[in-house]
**Q** 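One structure coming up, written as structure tokens, with questions to follow.
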Amino acid sequence: MTCQLYGKVTLMDAVRWLNEDENRAWRGYAEMSARLSAYLNRSLTRETGLSLSDYEVLVHLSESPHDRLRAYELGASLQWEKSRLSHHLTRMERRGLVSRQMCESDGRGLFVVLTPEGRKAIEEAAPHHVNDVRQMLIDLLTTDELKMVAAVAGRVISRLTDDAALCDD
């Protein structure tokens, strides 16, 4: 392990290492998140033919006005890099789930539009996905635990949003 020196204090000295409880919480969260995402992706793909990434795109489009979003808005909502979004949309477009349309007011702008096939796919997949989310998370928690999860998620998302705004300066 390499350490950079900052005066007489190394970076290793400056780190607030996680204690046993903090480490257990962090690793538990990380493993739970990875396993839950993997399970939801496998189940959704097996039952509907949609990946979890497909589903996320379709959800954002189906919940937007006129079933369309500017590509940069969709990418920002998904927290995806421009190239990942472009490649994924190309695959979804080939399957008839979405289309891309030029923005008339901005020749460089692009709308991503939910197609009728995409609408049908999200409507058929949603009940299965919600049942999985309920079975693997929601129904395992008490009402108080659900409130706590929502509060923690909100706090972390707020911090990440604030930090992202600071980095954009």
**Q** Asp67 versus Arg119: any side-chain heavy-atom pair under 4.5 Å?
**A** yes
**Q** Is the closest side-chain heavy-atom distance between Val152 and Met148 below 4.5 Å?
**A** yes
**Q** Closest approach of Ala121 and Leu58, non-hydrogen atoms and distance?
**A** CB-CD1, 4.3 Å
**Q** Once rounded to the nearest 0.5 Å, what's the spacing between atom OG1 of Thr48 and atom CG of Leu50?
**A** 4.0 Å
**Q** Please report the interatomic distance CG(Asn23) to CH2(Trp17), rounded to the nearest 0.5 Å.
**A** 10.5 Å
**Q** So if you build clusters from Ile, Leu, Val, Met, Phe, Trp, Tyr with side-chain heavy-atom gaps below 4.5 Å, do Ile138 and Met136 land together?
**A** yes
**Q** Within a strict 4.5 Å, meaning less than it, do heavy atoms of the Asp132 and Leu44 side chains meet?
**A** no
**Q** Show, in sequence, the C-alpha distance, side-chain angles and deciding distance for Arg24 and Glu20, and conclude whether the salt bridge (Lys or Arg N to Asp or Glu O under 4.0 Å) test is met.
**A** CA-CA 6 Å; Arg24 188 171 45 253; Glu20 189 176 322; 3.6 Å; yes
**Q** Quick check: are there more than 12 heavy atoms from other residues, nucleotides or ligands sitting under 6.0 Å from OH of Tyr29?
**A** no
**Q** Is the shortest side-chain heavy-atom distance between His87 and Arg91 below 4.5 Å?
**A** yes
**Q** Please say which of Val57, Val98, Leu78 ends up in a side-chain contact (heavy atoms from CB on, under 4.5 Å) with His88.
**A** Val57
**Q** Can you check whether Leu52 reaches Thr45 side chain to side chain, under 4.5 Å on heavy atoms?
**A** no
**Q** Side-chain heavy atoms nearer than 4.5 Å, only ILVMFWY residues, links allowed to pass through others: does that put Met32 and Tyr39 together?
**A** no
**Q** Would you name the heavy atoms of Tyr55 and Ala126 that are closest together and state the gap between them?
**A** OH-CA, 3.4 Å
**Q** Give, for atom CZ of Arg155 and atom CD1 of Ile157, the distance between the pair rounded to the nearest 0.5 Å.
**A** 12.0 Å
**Q** Nearest 0.5 Å, what's the CG-CD distance between Leu74 and Glu56?
**A** 10.0 Å
**Q** Provide the closest heavy-atom pair for Met92 versus Asp54 in the form atom of the first, atom of the second, distance.
**A** CG-OD1, 3.5 Å
**Q** Roughly how far, to the nearest 0.5 Å, is the CD atom of Glu73 from the CZ atom of Arg68?
**A** 11.0 Å
**Q** Check His60 against Leu69 and note the closest heavy-atom contact, atom names and distance.
**A** O-CD1, 3.9 Å
**Q** Under 4.5 Å between side-chain heavy atoms, hopping through other hydrophobics if needed: is there a path connecting Val59 to Leu97?
**A** yes
**Q** Would you check if the side chain of Ser37 reaches a backbone N or O of Ala34 as a donor-acceptor pair within less than 3.5 Å?
**A** no
**Q** Val112, Met102: one ILVMFWY side-chain cluster at the under-4.5 Å cut-off?
**A** no
**Q** Side-chain contact, heavy-atom cut-off 4.5 Å: Leu40 with Val133?
**A** yes
**Q** Determine the minimum heavy-atom distance between Pro127 and Glu124, stating which atoms define it.
**A** CD-O, 3.6 Å
**Q** Does any donor atom in the side chain of Ser43 or His128 lie under 3.5 Å from an acceptor atom in the other side chain?
**A** yes
**Q** Using the ring of Phe111 (Phe, Tyr or Trp, six-membered ring only), decide whether Arg100 places NZ or CZ under 6.0 Å from its centre and within 45 degrees of its axis.
**A** no
**Q** For Cys103 versus Arg70, what's the shortest heavy-atom pair and its separation?
**A** SG-NH1, 3.6 Å
**Q** Output the distance between atom NZ (Lys147) and atom CG (Leu141), rounded to the nearest 0.5 Å.
**A** 13.0 Å
**Q** Would you indicate whether Arg95, at its atom CZ, is surrounded by more than 12 heavy atoms from other residues, nucleotides or ligands within a distance under 6.0 Å?
**A** yes
**Q** With heavy-atom distances below 4.5 Å as the criterion, would you say the side chains of Leu110 and Gln101 are in contact?
**A** no
**Q** According to a hydrophobic-cluster definition based on side-chain heavy atoms being under 4.5 Å apart (Ile, Leu, Val, Met, Phe, Trp, Tyr only), do Leu137 and Val130 belong together?
**A** no
**Q** Less than 3.5 Å apart, any donor N or O on the side chain of Thr115 or Glu117 sitting next to an acceptor on the other?
**A** yes
**Q** Would you say the side chain of Ser53 lies within less than 4.5 Å of the side chain of Arg84, judging by non-hydrogen atoms?
**A** yes
